Amino acid sequence: MPEPNTADRALLPVVPALAPPIPAEDRPLAGVRYVEIETSRYCNRICSWCPNGQTNARRTQQLMDWAVFEKITAELGAAGFDGFFAFHNYNEPLANPRLREEIARVRYAIPAARPAIYTNGDLLNRSTVERMREDGVKYLRVTRYPHRADVQPTYDALRSWLVKARIRDCFPWQLAEVRQGLAATWTDPDTGMKVEVIRPSIDTYNDRGGTALVPQNGLRTAPCQMTATSLSVDFRGQMKMCCNVVPEGPQHREYVVGNVADSTLAELWNHPVMAEWRQRHSRADWSRSPACASCVQALPETRR
């Protein structure tokens, strides 16, 4: 699929669509609190604890077809979606030349949604943070990965990167432990945008259904709510069972539900296959999705 030409496309005006709220029980995407729409393909890193470290699939850039992106956002807006909308999955969103236009489209088509950016931070600096704030991003997570999986996080490493990115003295950072490791956080008092810079401990990560090199201890016995609360679409427009699915690998091809270019989000979300996964995962039954057995994915803070 060729990369669309967006050089001459102007940013959409950020004007909320005027529509009455839809009762939760009547929404065609009932239960969805978080969507991950992988609007671009490229990632600038290759990490062993990520599926990107096992494939060359993310070494070239490719943007999601704009018509497909418009369709996704229009359907989410019509469904009254009011959760977090993230522009990533296995890509690096700050390497996407169309990102600001996409954020504007989300704010226009899904006025109740909360745009979220997850980045490795290699392309981030103070001006990037300020642009995100101006554009209406509500959550900015910067994960500063170590060079080796066995390197444990330290506050000194966090402070060092904040200085390098020239944002150490710009914002009143708070340091604290988080589920993934250590973090520096700041919330903008004017817009409510939360910025979280995380130095992770890789031993808290999961193996993404066997596609990443992360040691796992035993099989998962706890139920999973990912298929009940989180909707994930890759850059091709493929809706997946969950964000951990890597369609490039043969072991995960069966976990693609369909393509949003051919079906509505609601049709895919309510597909009998998704409904069965949802029911089985609620009771920790992985018999129809064996890749889930080794996954220890916890619902991130943004999905509460």
Side-chain angles (χ1 to χ4, degrees), residues 23-38 49-51 76 79-86 88-90 113-114 116 118 139 141 143 177-181 183 196 198 200-234 238-247 249 251-258 265-304:
E25 63 275 11
D26 296 333
R27 294 181 182 181
L29 297 173
V32 180
R33 303 203 303 265
Y34 176 90
V35 297
E36 226 171 67
I37 309 300
E38 189 181 61
W49 51 85
C50 174
L76 286 169
F81 177 69
D82 59 1
F84 282 90
F85 185 110
H88 85 294
N89 190 195
Y90 293 111
R114 290 168 281 176
Y118 289 63
Y139 181 65
R141 174 178 289 190
T143 306
E177 293 185 12
V178 293
R179 176 175 57 83
Q180 304 92 338
E196 195 168 32
I198 297 176
S201 177
I202 302 303
D203 57 16
T204 66
Y205 281 27
N206 78 83
D207 70 351
R208 302 278 185 169
T211 62
L213 298 181
V214 180
Q216 299 297 334
N217 298 317
L219 300 179
R220 182 183 183 122
T221 58
C224 179
Q225 298 183 50
M226 292 284 284
T227 46
T229 61
S230 176
L231 185 154
S232 180
V233 179
D234 75 2
Q238 297 179 134
M239 182 174 150
K240 309 182 296 181
M241 178 180 70
C242 77
C243 64
N244 291 300
V245 170
V246 185
Q251 68 269 49
H252 281 193
R253 286 174 187 162
E254 64 184 291
Y255 302 128
V256 173
V257 186
L265 288 175
E267 288 170 340
L268 297 175
W269 179 252
N270 297 299
H271 192 283
V273 172
M274 276 295 294
E276 182 176 4
W277 279 328
R278 208 168 284 136
Q279 292 169 2
R280 290 180 180 274
H281 295 178
S282 70
R283 57 180 189 269
D285 176 357
W286 320 123
S287 58
R288 293 298 180 88
S289 56
C292 299
S294 63
C295 179
V296 294
Q297 177 76 46
L299 295 179
E301 293 79 356
T302 51
R303 299 182 201 179
R304 289 176 182 168

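If you read the sequence from its start, that first residue is 1, and numbering goes on from there. All values below were derived from every heavy atom in this structure, side-chain atoms included, with hydrogens, water molecules and symmetry-related copies excluded. Everything quoted here is computed from the prediction, not taken from an experiment.
- In this structure, SG in Cys242 is found 13.0 Å from CD in Gln225, a value given to the nearest 0.5 Å.
- Closest non-hydrogen pair, Pro247 versus Arg253, comes out as O-CG, 3.5 Å.
- Atoms CZ and CZ, from Arg114 and Arg33 in turn, are 10.0 Å apart once rounded to the nearest 0.5 Å.
- When atom types are taken as modelled, the side chain of Arg141 and the backbone of Glu196 share no donor-acceptor pair closer than 3.5 angstrom.
- No option in Val32, Leu231, Asn270, Val35 other than Leu231 meets the side-chain contact (heavy atoms from CB on, under 4.5 Å) test with Leu265.
- In this structure, Thr221 and Ala284 approach most closely via the heavy-atom pair O-CB, 3.4 Å.
- Pairing each heavy atom of Met274 with each of Leu268, the nearest pair is CG-O, 3.4 Å.
- In this structure, Cys243 and Ser232 approach most closely via the heavy-atom pair CA-OG, 3.5 Å.
- Taking the side chain to side chain contact (heavy atoms under 4.5 Å, CB included) definition, one finds that Asp285 meets it with Arg280, Arg283, Ser287, sequence neighbours left out.
- Here the closest heavy-atom approach between residue Met241 and residue Cys292 is recorded as CE-SG, 3.6 Å.
- Here the straight-line distance linking atom OH of Tyr118 with atom CG of Asn89 works out to 11.5 Å at 0.5 Å rounding.
- Across all their heavy atoms, Leu29 and Trp269 have their closest contact at CD2-CB, 3.7 Å.
- The line from OH of Tyr255 to CD of Gln238 is 15.0 Å long, rounded to the nearest 0.5 Å.
- Between Phe84 and Tyr139, the two ring planes are perpendicular [angle over 60°; tilted spans 30° to 60°].
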